[in-house]
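A quick write-up on the structure given underneath.
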Amino acid sequence: MRTTPIIEMDKRFDPKSYESRWQAEWAAQGYFVCAVPGAPPGSAEATATGSSEAYCIMIPPPNITGKLHMGHALQSTLQDLLTRWRRMQGRNSLWLPGTDHAGIATQLMVERDLAKESKSRHDLGREKFLQRVWAWKEQYQGNIRRQLDLLGASCDWTRERFTLDDGLSRAVREAFVRLYEEGRITRGEYLVNWSTGLDTAISDLEVEMRPVTDKMWQIAYPIAGGASDERVVVATTRPETLLGDTALAVHPEDERYRHLVGKQAIVPVAGRSIPFVADDSVEREFGTGVVKVTPYHDMADFETGRRHGLPGIQVIDRKGRMTAAAGAEFEGMEVEAARELLLAKLRQDGFLVHEEAYLHNVGFCQRSGVRVQPLMSTQWFCDVSSMAAEALAAHRDGRLELVPASWGKTWEHWLENIRPWCISRQLWWGHQIPAWYDEVGNVFVARSREAAAAQAGHDRLTQDSDVLDTWFSSALWPFSTLGWPEKTADLAFFYPTSVLITGFDILFFWVARMVMMGLHFTGESPFARVHLTGLVRDAEGVKMSKTKGNVLDPEDLIEEHGADAVRFTLASLDAPGRDIPLDPNVMAGNRAFGNKIWNATRFALSKVDEAKIPESIDFDRLALPERWILARLSETAAGVDASLEDFRFDVACRDLYYFFWSDFCDWYIEMAKPGLEPGNERLLVKEVLLLTLDRALRLLHPAMPFLTEELWQKLPGHEAIHPQTICLAAYPQRVPKWELSALEAEKMKLFRETVTIVRNDRADKKLTHRVKADLYLQSAKAGVPESAVDAIAFLSSEEAKRLLSSIAGVRSVMVAAPPLGATNKHIRKGAEITCRFDIPETAVDLDKLRLALTANEENIGKVRARLESTEFAAKAPAAVVEGARRNLETLQLERARLRAALGLDAEPE
RNA sequence: GGGAGGUUAGCUCAGCGGUAGAGCACCUGCCUUACACGCAGGGUGUCGUGGGUUCGAGCCCCUCACCUCCCACCA
């Protein structure tokens, strides 16, 4: 005997009461642990499915530095949604979790921590410092898992990886050595982006251009060996680099300066002679048309210098201070101070011709915020040009699909213009470069120190002190996490992965590099499809930032609304190519949706007695409401599947929301109520109620895992669907047999319209729902549109009467002329429907009627004009013409009704 | 300087060539035997501008304007 479950369930749902319980249960049961065909049995025995069809998503590994932000919450929600959906479809679905060592970010945080003890990493030394970072990592790594658990993530934690763990480190060394042996990785001295804030080189991608108002100075350079007063004027924003000038450049076709090419100029203050060179890159219109060339302190000048075989002079060092080469009086000065001193000297000697404010773009170190200093240094570079070509080809031939596809052009442009990737960093935390040097500087690149020693023939070797750019190890993530370079069962089964979900902001940093490395090392794109999400913003669409104080914390939101509401909200806002404006009101609305689901279940459980979710149902024996809701269920299942295939999470959520709230709760449950009354039972109503609820919960499960599991476990008969958990129950599919015929669909439409008529009339008269209505039906006058439905017969049937009584407070339905004076007549499907209430007829709101008449006549005018156009009749499809004709007829009947109510003649013309 | 996206109700956004939609907000009436995190009803639109294609354009084409964001070595 079932007790009455309604007593057991609270009137309000409380996500906190079950969310953590279910996450713990799922983990304990190992539902998300994948067993791979051919793999040795182990903990994976508890696996969900033995399916041989793989589905795999690699998490974009969050930094171990800390805390998940809204972007992680969004992306994790979508990844989990897809994984749960595929898992329920029976795929062997792996969502592999992990974290990134995040070289610079992590090192900075630990250094900041050290600074509290007034220590620097140099005080500790490399060994001790790294021990400290590892300790720090151990402390924070669990945080990521805890947060993903809170969100309901169905990761396989037995496969969790870390970019610095042994396996991944091995993969990194393997990749590095292979690329080196192929000649793609080289070491050399180049002008690189130097961050004095981080004391390391950074890649082009880590440089952020920002507009800055500087000054543009014009400086005169005397001509050597010319007339004593002959000078040429040069414009510059960085006068201090003049000390490192090794040439002046002019455009080869600039008549103003052509005569100078081959001559020498004298660098003011420094007094050195430097040549004039002619170079196409000089813009004649800009500045004075003469450019100072400082190869070691300017990217463009570096290239110019190379073209002309010019030497370079390093006048600024890696700390941002002037070197000895800048001259004794400048040596050791900060750049700013050196600039002031130099300007003073120039001014004093009459070399400073002009100065003005100047707005231009300047490169800043994205991470530390300092101005990037171009600096000559020895670094490791990876030539990715051929890999980029492969990545381009994969995109063009469809092996790699970007969603939304509009990112394609950006992809092409970046890869077509790619430059060598500076992969070495002067940091300690990261993968130390697998290169060793002997006493005389010979380099041995190898997979291990032993291998390097074997190459060298001795062990007097020192390892390169630099580490690799964090993104180098991330680039290997899709296959290094599966055991590459070993040929593991996981790699064979799950690689290439199915989809990647990440933010567009790391399209180049990460996605492009994974595709390049994946294609290079495995011959396959690491994933077939990439869904790029937008940026999570605040309710007003403003970017979240600490300084603006508008940052939302996923953990707070989960605490307040429950994980399911957070997930549903994020997923429903993920429209292609758009950012995600996160409004707490919307979140509250979706929490209310959870409450609605809770209460619908609570209602059903209180009514179904001994009934169970039926294993099958005889659709043909059902009454219209049951047939209708099953039809809607089938359509919704079909729609959700299609939407998820296309990454249209917004559409899938909208359809689910509408189906559950409007179709199921507002309409079906209301229609089911009379059929659930003792002694009045409609055939199989309880079974259909349970069946629909079961399917709806399963459809919703990927988006709202906790609530659906909690409720589904309460449904009688759920064990027959899956003995343990909704997580592994089959995802509902379309059932074509359940879909309604056109006739039935029309009947349902007529019924709903009739309900609305009654409710409208009641609201117009300001009556409460308690005042019952009497309905009068009679055939409408001539000119009524044809209809397949016999409206009068249908609406006056016992079945319809009972439904109308329950849902719309209709006391009686009479096939008769309405009492004299009745004004609220409505025409539907050839029937004139009049609604009367048990109260004196209130005064008709004439203004409202007049407005309605005006609108009606406007519409008639429009439709008639279309119908009278010969072109419309000739060219529009017949169905459209016919639709317009019917429309006109209905509008005309409506007009007659309105005119009668207003006491006007029936026909105006 | 290139490129992408956006411009639809008060707000945030859907929208498939055929009479403009949702949620939230707002107004009215309701504690109707699941739910007030609720029920029912309601109002609101020059679909950014100007052209074009079409019988018919929010939707397709072109122009312009404004907003967001990427990429880019005019010193």
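Below, each value reflects all heavy atoms present in this structure, side chains not excepted, and no hydrogens, waters or symmetry copies. For clarity, every value in this text was computed on a predicted model and none was experimentally measured. The chains referred to below are lettered A, B, ... by the order of the sequence lines, with proteins before strands, and numbering in each begins at 1.
The phosphate of G42(B) (OP1 or OP2) has a side-chain N or O of Asn760(A) nearer than 4.0 angstrom. Phosphate proximity of A14(B) to Arg578(A): present, with a side-chain N or O under 4.0 Å from OP1 or OP2.
Comparing the P positions of C69(B) and C13(B) gives an interatomic distance of 14 Å, to the nearest angstrom. Taking the C1' atom of each, C55(B) and U19(B) are spaced 16 Å apart, rounded to whole Å. Rounded to a whole angstrom, the distance from the C1' atom of C64(B) to that of G42(B) is 40 Å. A gap of 14 Å separates the P atoms of G41(B) and C24(B), to the nearest Å. Comparing C16(B) with G58(B), their C1' atoms sit 12 Å apart, to the nearest whole Å. Comparing the same atom, P, in G43(B) and in U28(B) gives a spacing of 15 Å after rounding to whole Å. Comparing the P positions of A14(B) and A22(B) gives a spacing of 16 Å, expressed to the nearest Å. Here, G50(B) and C73(B) have their P atoms 40 Å apart, quoted to the whole Å.
Contacts of Ala575(A) with the nucleic acid, taken as non-hydrogen atoms under 4.0 Å apart, involve only primed sugar atoms and P, OP1 or OP2. When heavy atoms are screened at a 4.0 angstrom cut-off, Pro374(A) is found touching no nucleic acid atom at all. Base engagement by Ala592(A) is indicated by at least one non-hydrogen atom pair under 4.0 Å involving a base atom. When heavy atoms are screened at a 4.0 angstrom cut-off, Ala879(A) is found touching no nucleic acid atom at all. Counting any heavy atom pair closer than 4.0 Å across all strands shown, Trp661(A) reaches sugar-phosphate atoms only and no base atom. Counting any heavy atom pair closer than 4.0 Å across all strands shown, His769(A) reaches a base atom. Across all strands shown, Asn590(A) has no heavy atoms under 4.0 Å from either base or sugar-phosphate atoms. Using a 4.0 Å heavy-atom cutoff across all strands shown, Val291(A) reaches at least one base atom of the nucleic acid. In this structure, Arg537(A) reaches the sugar-phosphate backbone alone: every heavy-atom distance under 4.0 Å involves primed, P, OP1 or OP2 atoms, never a base. Asn887(A) comes within 4.0 angstrom of a base, heavy atoms only. If you check every strand for non-hydrogen atoms under 4.0 Å, Gly577(A) touches sugar and phosphate atoms only. Within the 4.0 angstrom heavy-atom criterion, no nucleotide atom of any strand lies near Phe664(A). If you check every strand for non-hydrogen atoms under 4.0 Å, Arg12(A) touches a base. Residue contacts shown for Arg866(A) include a base, since a base heavy atom lies under 4.0 Å away.
Ring pair Phe649(A)/His531(A): centre-to-centre distance below 6.0 Å.
The minimum heavy-atom distance between Val685(A) and Ala672(A), with the atom names listed, is CG1-CB, 3.9 Å.
Between Tyr18(A) and Trp598(A), the ring planes are parallel. Angles under 30° get that label, and only those over 60° would be called perpendicular. Classification of the Trp411(A)-His395(A) ring pair by plane angle, with boundaries at 30° and 60°, yields tilted. Using bins of under 30°, 30° to 60° and over 60° for the plane-to-plane angle, the ring pair Phe593(A)/Tyr657(A) lands in the tilted bin.
Closest contact between the side chain of Arg602(A) and the listed nucleotides A34(B), C31(B), U19(B) involves A34(B). For Lys409(A), taking side-chain heavy atoms from C-beta onward, the closest of the listed nucleotides G3(B), G41(B), C71(B) is G3(B). The side chain of Lys673(A) lies closest to A34(B) when the candidates are A14(B), C74(B), A34(B). Considering only the side chain of Lys875(A), C55(B) comes nearest among C35(B), C55(B), G18(B). Checking A72(B), A34(B), G15(B) against every side-chain atom of Arg648(A), the shortest atom distance belongs to G15(B). Residue Ala876(A) places its side chain closer to G18(B) than to any other of G41(B), C37(B), G18(B). Checking G42(B), G23(B), C37(B) against every side-chain atom of Tyr657(A), the shortest atom distance belongs to G23(B). For Tyr358(A), the side-chain atoms get nearest to A75(B) when compared with the rest of A75(B), A72(B), A40(B). Ranking G5(B), C35(B), A75(B) by closeness to the Ser406(A) side chain, first place goes to G5(B). The nucleotide whose nearest atom lies closest to any side-chain atom of Asn361(A) is, among C71(B), A72(B), C73(B), A72(B).
With a 3.5 Å ceiling on both atom-pair distances, A57(B) lacks any Watson-Crick or G-U wobble partner. In this structure, A65(B) forms a base pair with U7(B), meeting either the Watson-Crick or the G-U wobble geometry with both donor-acceptor distances under 3.5 Å. When both pairing distances are held under 3.5 Å, U46(B) makes no Watson-Crick or G-U pair with any nucleotide shown. For C73(B), there is no paired nucleotide, since no Watson-Crick or G-U wobble pair has both relevant distances below 3.5 Å. Summarising the base pairing, G17(B) is matched to no nucleotide, lacking a Watson-Crick or G-U wobble pair whose two defining distances lie under 3.5 Å.
Between Phe504(A) atom CZ and C70(B) atom C1' the separation is 8 Å, expressed in whole Å. As rounded to whole Å, 12 Å separates atom C1' of G41(B) from atom CG of Leu767(A). Rounded to a whole Å, the CD1 atom of Ile274(A) is 14 Å from the C1' atom of A75(B). In this structure, Asp574(A) places its CG atom 11 Å from P of A14(B), rounding to the nearest Å. Taking atom CZ of Arg591(A) as the reference point, atom P of C24(B) lies 13 Å away to the nearest angstrom. In this structure, CG of Leu582(A) is placed 14 Å from C1' of C11(B), rounded to the nearest angstrom. Counting to the nearest Å, the P atom of C71(B) and the CD atom of Glu412(A) are 17 Å from each other. As a whole-Å value, the separation of Glu670(A) CD from U32(B) P is 13 Å.
Contact of Lys11(A) with C35(B) (side chain to base): no donor-acceptor pair of N or O atoms is detected under 3.5 Å. If you check distances only, the side chain of Gln218(A) never reaches the base of A75(B) with a donor-acceptor pair under 3.5 Å. Under 3.5 Å, the side chain of Asp583(A) and the base of U12(B) form no donor-acceptor pair of N or O atoms.
Asp14(A) and Lys16(A) are not joined by a salt bridge, as no carboxylate oxygen comes within less than 4.0 angstrom of a charged side-chain nitrogen. Using a 4.0 Å cut-off between charged side-chain N and carboxylate O, Arg886(A) and Glu889(A) make no salt bridge. A salt bridge links Arg885(A) with Glu882(A); the closest basic N to acidic carboxylate O contact falls under 4.0 Å.
Along RNA chain B, the nucleotide nearest to Val207(A) and the one nearest to Ala588(A) differ in position, and the one closer to the 5' end is contacted by Ala588(A). Residues Lys607(A) and Trp414(A) each lie close to RNA chain B; by heavy-atom proximity, the contact nearer the 5' end of the strand is made by Lys607(A).
Checked by atom type, the side-chain pair Lys292(A)/Thr241(A) shows a donor-acceptor distance below 3.5 Å. Using modelled atom types, one finds no donor on one side chain facing an acceptor on the other under 3.5 Å when comparing His561(A) with Asn590(A).
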